[in-house]
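Below is one structure; the comments refer to it alone.
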Amino acid sequence: ADLIVARNEVFGAESAFKPSATARAGISTPMKDGESTDKSIGVLLEYTFGDGGRRDSRLKAANAKLKSAESQLKDTQLMLQAELNSTLVQLNAMNNSMSLLKSKIKLNEANLKTAKSQLNTGQSTLETLIKAEINSFNSNNKYFMMHSEQHSLLLKIVTLSGALGRNLNF
């Protein structure tokens, strides 16, 4: 929005250097019988030859504001691109971690199953079974938390890339 305003200000400042022309036409109808109908056409041309440098300073200020707005836009684009790249790296690392965590969940489930069968045969203690259940629970809990974080990162990527706004017609 700032860039659009700045461009319009430059356009307005540049137009002050151009002459302006106004055309006028009019008809005067009689109010009483016997009066004539008067018609007039006119053209007004205006151009300012000297204004003490106000137009030049206004144009320079508008150009400076435009350059500033363009610079801010470029900085914002670079910042968003860096944030998008960072989020993509986080998502990739999360995906790698989740695949390792899935393997750990399978291992913990196997340990839990083994602890249950060993408890039934007397080869293990209740403490070992409880530790196996806690490890299994913790692994699953961590997986669900990572899954939630993964969806948050995906939403952030969609938002940063502008896809969310396009899909919502903004």
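Here the structure is a predicted model, which is why all the values come from computation and not from measurement.
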If every non-hydrogen atom of [X] is compared with every non-hydrogen atom of [Y], which pair is closest and at what distance?
X	Y	result
S124	T128	OG-CB, 3.2 Å
I157	L88	CD1-CD2, 3.4 Å
S117	T114	OG-O, 2.9 Å
G12	S15	O-OG, 2.7 Å
M94	Q150	SD-N, 3.8 Å
Y143	M98	CE1-CE, 3.5 Å

Using the rule that two of Ile, Leu, Val, Met, Phe, Trp, Tyr join whenever any of their side-chain heavy atoms come within less than 4.5 Å, decide whether [X] and [Y] are in one cluster.
X	Y	value
L73	M79	no
I130	L119	yes
L91	F144	yes
L154	L101	yes
V10	L3	yes

Give, for atom [atom1] of [X] and atom [atom2] of [Y], the distance between the pair rounded to the nearest 0.5 Å.
X	Y	atom1	atom2	result
H147	S152	NE2	OG	10.5 Å
K116	E133	NZ	CD	6.0 Å
L129	L112	CG	CG	6.0 Å

Counting only heavy atoms from other residues, nucleotides and ligands, does the tally under 6.0 Å from [atom1] of [X] exceed 12?
X	atom1	value
I41	CD1	no
E127	CD	no
I4	CD1	no
F11	CZ	no

Does [X] reach the side chain of [Y], with side-chain heavy atoms less than 4.5 Å apart?
X	Y	answer
N138	I134	yes
L45	T22	no
E109	K113	no
V5	D2	no

Short N-O contact, E70 and K74, less than 4.0 angstrom: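 Looking at E70 and K74, the cut-off is not met.
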For T87 and E83, indicate whether the former's side chain and the latter's backbone hold a donor-acceptor pair under 3.5 Å.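 Yes, because the side chain of T87 sits within donor-acceptor range (under 3.5 Å) of the backbone of E83.
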Quick check against the 3.5 Å criterion: does S97 have a side-chain atom that pairs as donor or acceptor with the backbone of A93?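 Yes, the answer is positive, given that a donor and an acceptor are paired below the 3.5 Å cut-off.
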List, one per line, each side-chain donor-acceptor pair under 3.5 Å for residues 58-69, sequence neighbours excluded.
from : atom 1 : to  : atom 2 : distance (Å)
N63  : ND2    : L59 : O      : 3.3
K65  : NZ     : E9  : OE2    : 3.0

Listed by chain and number, what are the side-chain contact (heavy atoms from CB on, under 4.5 Å) partners of N108, not counting sequence neighbours?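 Residues passing side-chain contact (heavy atoms from CB on, under 4.5 Å) with N108: K104, N111, N135, S136, S139.
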